[in-house]
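So you know, we letter chains A, B, ... as the sequences are listed, proteins then strands, and number each from 1.
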Protein chains: 2
Amino acid sequence: MNELLYYDLKNVSGLTPGLATQVCREIGRRIVAGLFPEGQFIDDESKLCKRYNVSKSVVREAVKILVAKGLLEVRRGNGTRVRQRASWNLLDDDVLAWHQGVEPETDFLRKLIDVRLMVEPNAAFWAAGAATNEQIKEISKSHNDMENAKSIQEFVLADAKFHRAVLRGANNELLTAMEGVIFSALLSSIKITNNDPIDNRERSLPLHYKILKAIETQNKVRAEFAMRKHMADTYERLSKLLPELKSGVKKM
Amino acid sequence: MNELLYYDLKNVSGLTPGLATQVCREIGRRIVAGLFPEGQFIDDESKLCKRYNVSKSVVREAVKILVAKGLLEVRRGNGTRVRQRASWNLLDDDVLAWHQGVEPETDFLRKLIDVRLMVEPNAAFWAAGAATNEQIKEISKSHNDMENAKSIQEFVLADAKFHRAVLRGANNELLTAMEGVIFSALLSSIKITNNDPIDNRERSLPLHYKILKAIETQNKVRAEFAMRKHMADTYERLSKLLPELKSGVKKM
DNA sequence: GACAATTAAAACATCTGATGTTTTAATCCT
DNA sequence: AGGATTAAAACATCAGATGTTTTAATTGTC
């Protein structure tokens, strides 16, 4: 499943393999998949214990995580209900990951791309001024990996790392916290471009190269422009394969 | 404290008053305040139980929340350590709230403003095309409240709601999930503008009006431009009072 | 003395049962 | 009918027991 790939990209460290995490993911995916109307009560502790065959401590911890991510709301003596989608921490890496494979994917992908369009060109701008040598090396390395990738998987992975490195180079932790948006959009895009008969590497690589060079030479304006162009190109390519995308995305 | 004001703006519903939440906040604030170097182990369960005088279930739930927000990493049999700042969910409302009052505030405020500059003009653009009548009414109402505000508190609250309404009007939940950035930046700004002898309402209101009108008339480009101008103005005003701000913020 | 295997301690993970508190709603009384 | 009482449901907290994993100290052998 694609969600696993997302975690490959993202969660190299930091995850706990415990039961609470599993139950949390189970419930979280159901919620994100839209199985509960907003405001709907979920089963109470004891029922969840039976359903997942775990103790109530585990269930309680799982619920606490989901509350922390804005998906659930617990009221003492009353019950636990699903919060409205507008209250979810949609930028949370797990919540984003749980969206993989959920319909309607196109609509969500459009929104992800919209955010990328807002953020990444500016990130490139800042990276051109602020990235450390090490961060630039990481960008460069990722570009290299894209060139030498032997499979679509490898290519996408390198692509993701390239964009992540640019974000990190901008020297703004708040941007770094949006990595998940990029990964999520990228993974959703794969499903579309997988069907693309044309190898888009030829098209994509030179644009990445321009971004890299602009950042290396600390040319902020050019870095922003190159990133914007790359994203516009990506969007155009995608929307050719998936016309529903076109309607909403801001044209340049 | 300002953090409480943040919750006034944000957490009208959704919070649990339990012990776990309290302990979590206590530890969370310490971490955000930088009391632990990255990778540092925090006290183990039993010590935390003693320190906060709660049972281990409570501590475990508190820790789970902090893990969910990316601040802690638990390894079985080993211990619980603070993750590096780059791994924190900095866009999480609680994590943002915990930043209130933490030094260095200027640096963080600059980053918040950078993100606002990336996001809000675009949000205004989209809102001009997608906002429902109800959402436009909310923007309008907030503008009215700004006009009639009788205190700085009221004014800031209305201001925050104005920007939130624009964000919501863009019809993109991922943007809505960034509300916290706006509130956080706004609250940090108060401390600066509170010392401003000049009443900035006169300067701020007409700019908000232009945004409102552009959205009402569905003029996307003008809405984006008006928002950009407003933000540039705000930034300029702030950086006059706090010169350190200027260095990093993208000029327009 | 060095290296490998064993062992012990520390720390988190899970289960269980008991008790308290809050909310909701049904019941009862006037 | 309306207000007060009460009972049930559901979450909150505590305490103790047991299991599992990791780390490091110990031990034993060559």
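- Per the geometry, NZ belonging to Lys56(A) stands 11 Å off C1' belonging to dA15(D), to the nearest Å.
- One can place CD1 of Ile65(B) at 13 Å from C1' of dA12(D), the figure rounded to the nearest angstrom.
- Every side chain to side chain donor-acceptor pair (under 3.5 Å) that Glu216(A) has, sequence neighbours left out, goes to Lys213(A).
- A search for side chain to side chain donor-acceptor pair (under 3.5 Å) contacts involving Asn89(B) returns Asp92(A), not counting sequence neighbours.
- One atom, CZ of Arg75(B), and another, C1' of dA13(C), lie 16 Å apart when rounded to the nearest Å.
- Taking 4.0 angstrom as the limit, Thr80(A) places none of its side-chain polar atoms (N or O) nearer than this to OP1 or OP2 of dA10(D).
- Between Glu45(A) and the choices Arg60(A), Lys50(A), Lys56(A), the salt bridge (charged side-chain N to carboxylate O under 4.0 Å, His left out) rule is met once, by Arg60(A).
- Residues passing the side-chain contact (heavy atoms from CB on, under 4.5 Å) test with Lys47(B), sequence neighbours excluded: Asp43(B), Asp44(B).
- Rounded to whole angstrom, the span from the CG atom of Leu72(B) across to the C1' atom of dA11(C) amounts to 15 Å.
- When distances run from any side-chain atom of Arg76(B) to the nucleotides dC15(C), dC14(D), dT20(D), the shortest one goes to dT20(D).
- Considering only side-chain atoms of Arg60(A), the nucleotide from dT16(C), dT13(D), dT23(D) that sits closest is dT13(D).
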**OP:** Go through the steps for Ile27(B) and Leu66(B) under the test side chain to side chain contact (heavy atoms under 4.5 Å, CB included), then give the verdict.
**Re:** CA-CA 8 Å; Ile27(B) 301 173; Leu66(B) 289 166; 3.7 Å; yes

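- Per the geometry, CG belonging to Leu19(A) stands 12 Å off P belonging to dT21(D), to the nearest Å.
- Taking atom CZ on Arg81(A) and atom P on dA9(D), their separation rounds to 19 Å, with Å as the unit.
- Ranking dT24(C), dA12(D), dC14(D) by closeness to the Asn78(A) side chain, first place goes to dT24(C).
- A heavy atom closer than 4.0 Å to some atom of DNA chain D occurs in Asp44(A), Glu45(A), these being the qualifying members of residues 38-55 of chain A.
- Distance Glu61(A) CD to dC15(C) P: 10 Å, rounded to the nearest Å.
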Do any side-chain atoms of residues 183-190 of chain B form donor-acceptor pairs under 3.5 angstrom with protein atoms, and if so which ones, sequence neighbours left out?
unit_1    : atom_1 : unit_2    : atom_2 : d
Ser184(B) : OG     : Gln100(B) : NE2    : 3.4
Ser188(B) : OG     : Ser184(B) : O      : 3.2
Ser189(B) : OG     : Ala185(B) : O      : 2.7

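- The side-chain contact (heavy atoms from CB on, under 4.5 Å) search around Thr80(B) returns Ile42(B), Val63(B), Leu72(B), Val74(B), not counting sequence neighbours.
- Here the side chain of Val74(B) is nearest to one of dA15(D), dA13(C), dT22(D), namely dA13(C).
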